[in-house]
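Within every chain, numbering begins at 1; the chains are lettered A, B, ... in the order of the sequence lines, protein sequences first and strands thereafter.
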Amino acid sequence: MNYWLVKSEPDAYSWDRFVREGRAIWDGVRNYQARNNLNAMRKDDQVLFYHSVTGMAVVGLALVDREAYPDPTDPPAANGKPTPWVVVELIPEIAFARPVTLAQIKAEPLLGNISLIRQSRLSVMPVKPDEFELILAMGLQ
DNA sequence: GCCAACGTTGGC
DNA sequence: GCCAACGTTGGC
């Protein structure tokens, strides 16, 4: 079991819409490190859903329902080379009773090394098991 | 609105 | 291969 965090600006794609639609095709990732993380996701891995920019909080928990496959929003160019970009499919699992804010995360010494802080621009990142358990406990309390 | 971080592009 | 210029992300 692996743990991850994905970011979305709520103005572009919100947790509420994710819940309403019941599934998300996580497309549009165009960063190689984030792409590598998508490729490493396995079915039923747990994924923290973070609202960036106007939310700045982890708002819920999702599950990987389908592992990586080629991103249909980036079709092969005329040269016939397949796209290097991939998507995964996520389904919502639990909405946090109390969204865990970036400020809370920064204030928690046990989360001092979390990628969310150390690599602030990465949009798909691994989360350590202890970091995951702590954020989940904070969100569900 | 500004800026730090950082990835990409293109000239050399 | 180096690096300046530039674009994007995302927090403040």
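Shortest non-hydrogen contact noted between A/Arg23 and A/Tyr13 is O-OH, 3.7 Å. In this structure, A/Pro92 and A/Phe18 approach most closely via the heavy-atom pair N-CZ, 3.2 Å. In terms of heavy atoms, A/Glu9 sits closest to A/Ser52 at CG-OG, 3.3 Å. Here the closest non-hydrogen pair linking A/Pro99 and A/Gln104 is O-OE1, 3.4 Å.
If you check the side chains of A/Arg30 and A/Thr73, you find a donor sitting under 3.5 Å from an acceptor. Side-chain contact annotation: A/Arg42 with A/Asn2, donor-acceptor N/O pair under 3.5 Å absent.
The side chain of A/Leu102 sits closest to C/dC12 out of C/dG10, B/dA5, C/dC12. Side-chain proximity of A/Tyr32 to B/dT8, C/dC12, B/dG7: nearest is B/dT8. Taking the side chain of A/Ser52 as heavy atoms from C-beta on, and the options B/dT8, C/dG11, C/dG7, the nearest nucleotide is C/dG11.
To the nearest angstrom, P of C/dG11 lies 8 Å from NZ of A/Lys106. Regarding A/Met125, its CE atom lies at a distance of 11 Å from the C1' atom of C/dG10, rounded to whole Å. C/dG10 atom C1' lies 12 Å from atom CG of A/Leu122, rounded to whole Å. In this structure, A/Trp85 atom CH2 and B/dG7 atom P are separated by 12 Å, rounded to whole Å. The distance between atom NE2 of A/His51 and atom P of C/dG10, rounded to the nearest whole Å, is 13 Å. To the nearest angstrom, C1' of C/dT9 lies 17 Å from CD1 of A/Ile117. Protein atom CZ of A/Arg30 is 12 Å distant from nucleotide atom P of C/dT9, rounded to whole Å. The separation between A/Asn31 atom CG and C/dG7 atom C1' is 14 Å, rounded to whole Å.
For the pair A/Val87/A/Leu38, no side-chain contact is recorded, criterion being any heavy-atom separation below 4.5 Å from C-beta on.
For the pair A/Tyr50 and C/dG11, the criterion of a side-chain N or O lying under 4.0 Å from OP1 or OP2 is met.
Taken residue by residue, residues 5-17 of chain A places no heavy atom nearer than 4.0 Å to DNA chain B.
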